[in-house]
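Notes follow the structure.
Here is how names work: the chains are called A, B, and so on, in the same order as the sequence lines, proteins then strands, and each is numbered from 1.
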2 protein chains.
Amino acid sequence: MDKQTITIYDVAREAGVSMATVSRVVNGNPNVKPTTRKKVLDVIDRLDYRPNAVARGLASKKTTTVGVIIPDVTNLYFSSLARGIDDIATMYKYNIILANSDENEHKEVQVLNTLLAKQVDGVIFMGNKITEELRAEFSRSRTPVVLAGTVDPDGQVGSVNIDYKTATEDSVTSLIENGNKKIAFISESHDEPINGMYRLEGYKSALKNAGIDYDEELVVQSEYTYKVGEAVFEQISKVGATAAVVADDELAVGILNAALDRGINVPEEFELITSNNSKLTDMTRPQLSTIVQPLYDIGAVSMRLLTKLMNKEEIDEKTIKLPFHILNKGTTKEN
Amino acid sequence: MDKQTITIYDVAREAGVSMATVSRVVNGNPNVKPTTRKKVLDVIDRLDYRPNAVARGLASKKTTTVGVIIPDVTNLYFSSLARGIDDIATMYKYNIILANSDENEHKEVQVLNTLLAKQVDGVIFMGNKITEELRAEFSRSRTPVVLAGTVDPDGQVGSVNIDYKTATEDSVTSLIENGNKKIAFISESHDEPINGMYRLEGYKSALKNAGIDYDEELVVQSEYTYKVGEAVFEQISKVGATAAVVADDELAVGILNAALDRGINVPEEFELITSNNSKLTDMTRPQLSTIVQPLYDIGAVSMRLLTKLMNKEEIDEKTIKLPFHILNKGTTKEN
DNA sequence: CTGTTAGCGCGTTCAC
DNA sequence: GTGAACGCGCTAACAG
């Protein structure tokens, strides 16, 4: 009834050779006489034979697929990374199993386990907090892991990112140079090292260099969504903020619009620098000044690093920092 | 050297049972005495045994993974669908292999083939044009396929979408009711049935109902990116368009901004209705009036449909149309 | 250059 | 309720 799947064995019989030979031509092994190679190729074509990757995976212990754990594909920051990852993966003949985690620790562990059960050759993890449980899973398995756009103070697995501390410091400093004294710092939870250890430190450092006192009221922790922008702006404007650095573009758009909707002039009365330079930053009016992170490249380099790890090549440095710069568009004053 | 992976056989030996029994408890087969089940479970836990999904796939001919072909994850329209797909997939214990195609016919065929080689249990395809080659591949394989957010005039595979013709017709009609005579219609190539057969027909139908002549100059085919919005607006404004229906949100934002940047009042002097109600439509000022498509649901329902197909359940209707409506936000006049 | 022979780790009859 | 044995489709030595 079912159109029986044709196997390497059928090809072998039909071509009058052994399955080993068929396997060789399929895998591009040079030790095959051109004549027989052609003969086999013809049969493969005629029978429309397609090697079963699952069987191949079982026998070779390689699946040529890597797992990608992403908080939310719908977030432009992450999807940009994912695009870079997939492109390089394709280039190296890997496929991607994509799984959304919502940065939920339980889901992350769960997903990691099913990825490992599926014998992925490597894992790329996005998400800002590496819990102990996750770290344990990482090191327990022999599967290479790379963090994309995520810092890991522990530095045990590969990671690709930018220098978030300096980037934030530079942003704040430029805002200070524009005359701002009360600059808000808005990010997700400080429990995440990327925020609590790097961005916040950069923020504090810039203030300190300028002799400005750190004011807790100007620092808010918020989720990264458009809709909370309203509330966040309300909060920081109450305490007199004249500028803000924001760790996420969607949130920054929300804050910008909240300001505009109140009739506030941007950047004259309120300045804003966001962090990801996703497409969104060009779509607003005025356009968002931003830290320019090479999003696509972070993903691409992560995947490239992972291929090396999977290939057991020697790596000089597992933690890669990519360059960034500040781009003043419409939400900062000209200097 | 390598920490040897522990297999079902190790568990069996350690628990003093046969591997068949271990297999049974792992797969929840009820024919196991509670005592031995517990014994096995304990060993599994102690040894931290994790069933090898690849071996399982070979033996059972089911991989519990489905392939998802997407034009570009970075596009909010598609990533929203993808999110719905992944959530439902997870719910049904499936994983997703995500592959970007850029709507490139060659890549699509290529990717489909590697997905089939990997023995995915099903495929969800996004992309607006089903080439003959693709259609041939679809029907040649016994793997169920569902089109998400894509129409297929042929109707041979499953598909989930909305009534694009009526949606466009309604949009245009509402624009006509607002007094517009010159309404531009902007979409990707008319070679894609979704545009050439449905949206365009809806557009024409609305004009006809209102006794307005069809004017080719108002119809433009364009790629779906923000940056071409400028040129598109230039083009339609030259021929005196006072309104436009646009098939993609990013492009619509580009057109809106082009208008605003020229000092044109929206919606007073120029009205705009876009098609996807992605997050973007809330982020612009004014906010974009739009056709509301249940993006997440289209993805979710597609995956649900696919599970039924994979499960060989009887389906009454392979082509599912989800409801839509027009939402007037800021780029259309109040009526 | 090519064929033989073992497994890879697990699901699944079929007896006991 | 449980175990033995075979097979899924292919890779990887090892001979020849």
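Remark: A:S18 is not in phosphate contact with C:dT4, judged by side-chain N or O atoms under 4.0 Å from OP1 or OP2.
Close approach of DNA chain D to chain B, defined as any atom under 4.0 Å from a non-hydrogen atom of the protein, starts and stops at D:dG1 to D:dG9.
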Pairs under 3.5 angstrom only: tabulate donor-acceptor contacts from the side chains of residues 36-43 of chain B to other protein residues two or more places apart or in another chain.
from: B:T36; atom 1: OG1; to: B:K33; atom 2: O; distance (Å): 3.0
from: B:R37; atom 1: NH2; to: B:N29; atom 2: O; distance (Å): 3.0
from: B:K38; atom 1: NZ; to: B:D42; atom 2: OD1; distance (Å): 3.3
from: B:K38; atom 1: NZ; to: B:D42; atom 2: OD2; distance (Å): 3.0

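Residues forming a side chain to side chain donor-acceptor pair (under 3.5 Å) with B:T63 (at least two apart in sequence, or on another chain): B:D121. Taking A:T307 as the reference, A:Y92, A:Y94, A:M303, A:R304, A:M310 meet the side chain to side chain contact (heavy atoms under 4.5 Å, CB included) condition, with sequence neighbours excluded. In this view, A:D87 and A:R83, A:Y296 satisfy the side chain to side chain donor-acceptor pair (under 3.5 Å) rule, not counting sequence neighbours. A:N161 pairs by the side chain to side chain donor-acceptor pair (under 3.5 Å) definition with A:K321, not counting sequence neighbours. Under the salt bridge (charged side-chain N to carboxylate O under 4.0 Å, His left out) criterion, B:E192 pairs with no residue, sequence neighbours left out. The side chain to side chain contact (heavy atoms under 4.5 Å, CB included) check on B:A20 picks up B:S18, B:R24, with sequence neighbours excluded. Qualifying salt bridge (charged side-chain N to carboxylate O under 4.0 Å, His left out) partners for A:K107, counting only residues two or more places apart in sequence or in other chains: A:D102.
The list of salt bridge (charged side-chain N to carboxylate O under 4.0 Å, His left out) pairs with a residue in residues 144-158 of chain A, not counting sequence neighbours, reads A:R135-A:D152, A:R135-A:D154.
When the local axes at the two ends of the helix from C:dC1-D:dG16 to C:dC16-D:dG1 are compared, using 5 base pairs at each end, they differ in direction by 30° after rounding to 10°.
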Protein N or O to nucleotides 9-13 of chain C N or O, pairs below 3.5 Å:
from: C:dG9; atom 1: OP1; to: A:K61; atom 2: NZ; distance (Å): 2.8
from: C:dG9; atom 1: OP1; to: B:T5; atom 2: OG1; distance (Å): 3.4
from: C:dG9; atom 1: N2; to: B:A55; atom 2: O; distance (Å): 3.4
from: C:dC10; atom 1: OP1; to: B:Y49; atom 2: OH; distance (Å): 2.5
from: C:dC10; atom 1: OP1; to: B:N52; atom 2: N; distance (Å): 3.0
from: C:dC10; atom 1: OP2; to: B:I8; atom 2: N; distance (Å): 2.4
from: C:dG11; atom 1: OP1; to: B:N27; atom 2: OD1; distance (Å): 3.4
from: C:dG11; atom 1: OP1; to: B:N27; atom 2: ND2; distance (Å): 3.3
from: C:dG11; atom 1: OP1; to: B:R56; atom 2: NH1; distance (Å): 3.3
from: C:dG11; atom 1: OP2; to: B:S23; atom 2: OG; distance (Å): 2.8
from: C:dG11; atom 1: OP2; to: B:N27; atom 2: ND2; distance (Å): 3.4

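A donor-acceptor contact closer than 3.5 angstrom is absent between the side chains of B:T114 and A:K93.
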